[in-house]
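Structure, as structure tokens:
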Number of protein chains: 2
Amino acid sequence: MRQTRYQQIADDLRRRMGEGEFGAGRLLPSEADLSATYDASRVTVRRALEQLRDEGLVSSRQGFGWFAATDPVRQSLGRLGTIESQLAADGLSSERRILDFRFLATPPARVREVLGPGPVLRVRRLNMADGHPFAVVTVWCPDQYGAELSRADVARSPFYELIGIPLGSATQTIGAAAASAHDAELLGIPEHSPVLICERVTRAAHGEPILVSEHVFPAHLTEFVVELTHADASMAPSGLRLVE
Amino acid sequence: MRQTRYQQIADDLRRRMGEGEFGAGRLLPSEADLSATYDASRVTVRRALEQLRDEGLVSSRQGFGWFAATDPVRQSLGRLGTIESQLAADGLSSERRILDFRFLATPPARVREVLGPGPVLRVRRLNMADGHPFAVVTVWCPDQYGAELSRADVARSPFYELIGIPLGSATQTIGAAAASAHDAELLGIPEHSPVLICERVTRAAHGEPILVSEHVFPAHLTEFVVELTHADASMAPSGLRLVE
DNA sequence: ATGTAGACAAGTATAGGACAAGTGCGCCAG
DNA sequence: CTGGCGCACTTGTCCTATACTTGTCTACAT
């Protein structure tokens, strides 16, 4: 047994919810039904459901049942899956609208810090989910790798596939800020409303940084979920650090 | 024999783990299984596993099993340590100022969902770094565990130490919002300025949720860092999900 | 010092069951 | 048509039992 049974069931339910099988606030099958379909005891099914409840994906009412906590389409993006893959599973459009595609001789300071002083390709795009904008993404990539890419390439495929070299580790930084006028307009939210900002430095397998990306999400639409398999020795959220 | 048997086994297990045979928090074969496959006694297998435990590669729980401790997210989060330890390393003071300490007969709905309907202890505090506030923290804890705690206890020690039962996993949700008037005043920031909000459900080793906590940080002071040891198959930040 | 073999205690996961309490719905008496 | 009752079904909470796991110990061989 590689995993506990209730975790397998929780994973499967999470996946099924992600595929929209249980719609907006709809009821899930009863514990008895799930127990039968998974061929597991009710205790085990309950443990799986309770874990999903801890994650905020479902709620329950005695005598009534278990139901998806929020809108299924958005709910679909469970746990550590990626948004595009989840949307694809839903058959929903996850369109990448390219806003800007240009080579910069002198990148911003932060990008130079990571990628070095050379020229870079900067691509700015708007990610759409189900017809609505949900992220403004900017990607910086060294000239060397970006030179062979076309605007059409970038619109069609994820960036990482186009680079053509194996990726290694990445460092992801999550912060918050007030929306700039520009981002607010693109995302259809009021200026200065809160946004989540995720900066990511992706490195090649050999360790050299090859991509810097910044994702801006409306705060009311998005949140990050991190599973910690053993609780940290502190009440403070893990991974947090003070900046500047 | 140039090497001891248990060192050979430890080396082999280390190699197998390095090849990803036991990924992220997955269970290893039981001591009995390993004993059979390596044709060694259980004691010897244990010595090998204990060596790996000393190296931080695996953990174990009685009655459950051995599992790989190499979850990239958790590892990096753990490595970063807590804010308090960072402050201590910088020679800065950190203080916990208790704002409120009371028992609630009927907790908020979200807390009831996780902890159950019973009464809870709610502690609200202001975390200070170098004399400046940097977090408003609210912790909910079942009456059962909170009954023996005093206000002084909570001010002195981290909550997790006071509960006195071993902690298991946790689920951490990171989002952003505009600061409420109350939080803004406590943190010394303008109302509606962006804040990072981290909700955390901490479970005991046996899986029962025992703590719900909410941390509110000023966005300009704080960010989360997540290390991914192998880049995800998407440009989208890992762990993100859309909500409501 | 290292390894083998075995026995026992303590903890975990799961199955299966019983019962209480809450919900929704149809039926029936009025 | 309406109100109330009962029935079927649901979750919430307990219990026992079993199989399996790690933790710990003793005895013995190399």
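Residue numbering restarts at 1 for every chain, and letters A, B, ... go by the order of the sequence lines.
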F134(A) vs M128(A), side-chain contact (heavy atoms from CB on, under 4.5 Å): CA-CA, chis, key distance, verdict: CA-CA 6 Å; F134(A) 81 91; M128(A) 314 285 287; 5.7 Å; no
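- Residue F64(B) contributes atom CZ, which lies 15 Å from atom C1' of dA19(D) at whole-angstrom precision.
- On a pure distance criterion of 3.5 Å, a polar donor-acceptor pair joins the side chain of R42(B) and the base of dG23(D).
- In this structure, the CD atom of E50(A) is 14 Å from the C1' atom of dA13(C), given to the nearest Å.
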Chi angles and distances behind the side chain to side chain donor-acceptor pair (under 3.5 Å) call for S60(A), R53(A): CA-CA 8 Å; S60(A) 66; R53(A) 171 159 57 195; 2.7 Å; yes
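- Across the interface with DNA chain D, nearest-nucleotide mapping of L49(A) and V43(B) shows L49(A) to be the residue nearer the 5′ end.
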Steps toward side-chain contact (heavy atoms from CB on, under 4.5 Å) verdict (R110(B), V212(B)): CA-CA 9 Å; R110(B) 170 65 183 148; V212(B) 176; 5.7 Å; no
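- Atom CG of D39(B) is surrounded by 12 or fewer heavy atoms from other residues, nucleotides or ligands within 6.0 Å.
- Counting to the nearest Å, the P atom of dA15(C) and the OH atom of Y6(A) are 13 Å from each other.
- Residue S60(B) places none of its side-chain N or O atoms closer than 4.0 Å to OP1 or OP2 of dT21(D).
- Q7(B) has its CD atom 15 Å from the P atom of dA1(C), to the nearest Å.
- Within the 4.0 Å cut-off from OP1 or OP2 of dT12(C), not a single side-chain nitrogen or oxygen of T4(A) is found.
- R5(A) and T44(A) share no side-chain donor-acceptor pair at under 3.5 Å.
- Phosphate proximity of dG11(C) to R61(B): absent, as no side-chain N or O sits under 4.0 Å from OP1 or OP2.
- Here W66(A) does not reach the OP1 or OP2 of dT10(D): none of its side-chain N or O atoms lies under 4.0 Å away.
- Rounded to whole Å, the distance from CD on E113(B) to P on dT11(D) is 15 Å.
- Residues G63(A) and T44(A) both approach DNA chain C. Their nearest nucleotides, taken by heavy-atom distance, put T44(A) toward the 5′ side.
- Between R47(B) and dT2(C) there is a side-chain N or O to OP1 or OP2 distance below 4.0 Å.
- A straight line from CG of D39(B) to C1' of dA5(C) spans 13 Å, rounded to a whole angstrom.
- The listed nucleotides are dG3(C), dA10(C), dT12(C); the one nearest the side chain of Q62(B) is dA10(C).
- To the nearest angstrom, P of dT10(D) lies 11 Å from CG of L34(A).
- A sub-4.0 Å separation between OP1 or OP2 of dT14(C) and a side-chain N or O of S41(A) is absent.
- If you measure from atom CZ of F67(A) to atom P of dT11(D), you get 11 Å, rounded to the nearest angstrom.
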